[in-house]
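Predicted model only: the values in this text are computed from it and were never measured.
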Amino acid sequence: MQAHALDGGFATPAIEAAHAFRAVMEAMARPGTIHRLTGATPPAPLSPAAGAVLLTLCDNDTSLHLAGAADCPEVREWVAFHTGAPVVGPERAMFALGTWEALAPLSAYPVGTPEYPDRSATLIVECPTLEANGTPLRGPGIRDTAALSLPDPEAFRANHALFPLGVDTLLTCGDRIAALPRSTEVL
């Protein structure tokens, strides 16, 4: 293991993980809102927000799929040291991390079953931009409508059509995070 794998975790893990968890839950509860997520300095190409999500939500019982450029030795070693999450293929992933292009298609990931819809994957999508404008959204946690810059609105519409099955999505860019739960309707 390289020395770089030991760096970049939370300086005060309990406090920073609690703040990060709160930011993720706020983003999931209010789709279309953007929250800051700091404290992690993962290796490139991961953003600080994506690193904080991994540090907060992944552990040795949480399978992780790394897609595209995110699947590199530096990231694998960092994940192994800081979370212990096993790296798996997309069909067994509880979490999947990468750019939209690297993660596509959504059909590669578990969407749950009618008996256990919670056994689906959560995608952590690294985006070049993340803005609270663009594609209109409606659903739980949204007063009337909200908007979010989505990489592929049609894929999210198809995902919502599977509800209560489907994947949940966390969108990250730099130190910012937004969420698109499967319950959110993409207009």
Side-chain angles (χ1 to χ4, degrees), residues 1-28 33-106 108-110 120-132 148-152 155-156 167-181:
M1 179 172 292
Q2 301 294 320
H4 67 270
L6 307 178
D7 297 328
F10 290 141
T12 52
I15 293 169
E16 290 176 290
H19 287 291
F21 185 77
R22 171 78 184 230
V24 171
M25 291 299 103
E26 285 288 324
M28 289 293 285
T33 61
I34 297 175
H35 304 268
R36 288 194 70 225
L37 194 52
T38 60
T41 52
L46 302 188
S47 68
V53 169
L54 293 178
L55 292 174
T56 304
L57 300 181
C58 292
D59 61 23
N60 60 348
D61 290 326
T62 312
S63 56
L64 172 67
H65 174 67
L66 299 171
D71 190 9
C72 64
E74 294 81 11
V75 171
R76 280 179 174 259
E77 290 176 359
W78 190 82
V79 166
F81 178 76
H82 290 282
T83 72
V87 177
V88 299
E91 68 285 347
R92 294 184 40 231
M94 295 173 76
F95 287 91
L97 169 68
T99 63
W100 181 254
E101 295 76 18
L103 290 168
L106 296 185
Y109 303 95
S120 65
T122 298
L123 305 184
I124 306 164
V125 181
E126 292 273 41
C127 301
T129 60
L130 185 57
E131 303 295 331
L148 197 57
S149 55
L150 297 177
D152 183 356
F156 291 106
V167 299
D168 295 315
T169 306
L170 299 172
L171 303 150
T172 59
C173 180
D175 67 351
R176 299 173 332 130
I177 185 170
L180 193 67

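The main-chain N or O of Met94 is found under 3.5 Å from a side-chain atom of Ser63 such that the two form a donor-acceptor pair. Side-chain atoms of Glu16 come within 3.5 Å of backbone N or O of Thr12 as a donor-acceptor pair.
Residues Thr172 and Leu46 form no side-chain contact, since every pair of their non-hydrogen atoms from C-beta on lies 4.5 Å or further apart. Using a 4.5 Å heavy-atom threshold, the side chains of Thr83 and Thr62 count as separate. With contacts defined as side-chain heavy-atom distances shorter than 4.5 Å, the pair Ser149/Leu130 qualifies. Side-chain contact between His35 and Met25 is absent, with no heavy-atom pair separated by less than 4.5 Å. Residues Leu55 and Trp78 have side chains in contact (heavy-atom distance under 4.5 Å, counting atoms from C-beta outward).
The distance from the CZ atom of Arg176 to the OG1 atom of Thr33 is 11.5 Å, given to the nearest 0.5 Å. In this structure, Trp100 CH2 and Cys127 SG are separated by 9.0 Å, a value rounded to the nearest 0.5 Å. In this structure, Leu37 CG and Phe21 CZ are separated by 12.0 Å, a value rounded to the nearest 0.5 Å.
With Leu97 as the partner, the side-chain contact (heavy atoms from CB on, under 4.5 Å) test is satisfied by one option alone out of Asp71, Thr122, Ile124: Ile124.
Smallest separation of non-hydrogen atoms from Ala40 and Pro48: O-CB, 3.5 Å.
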Which is it for Glu126 and Thr99 under the side chain to side chain donor-acceptor pair (under 3.5 Å) test, yes or no, and what are the steps along the way? CA-CA 5 Å; Glu126 292 273 41; Thr99 63; over 6 Å; no
Working for side chain to side chain contact (heavy atoms under 4.5 Å, CB included), residues Leu54 and Phe95: CA-CA 9 Å; Leu54 293 178; Phe95 287 91; 5.5 Å; no
Could you go through Val24 and Thr56, starting from their C-alpha distance and side-chain angles, then the distance that decides it, and tell me whether this counts as side chain to side chain contact (heavy atoms under 4.5 Å, CB included)? CA-CA 9 Å; Val24 171; Thr56 304; 5.7 Å; no
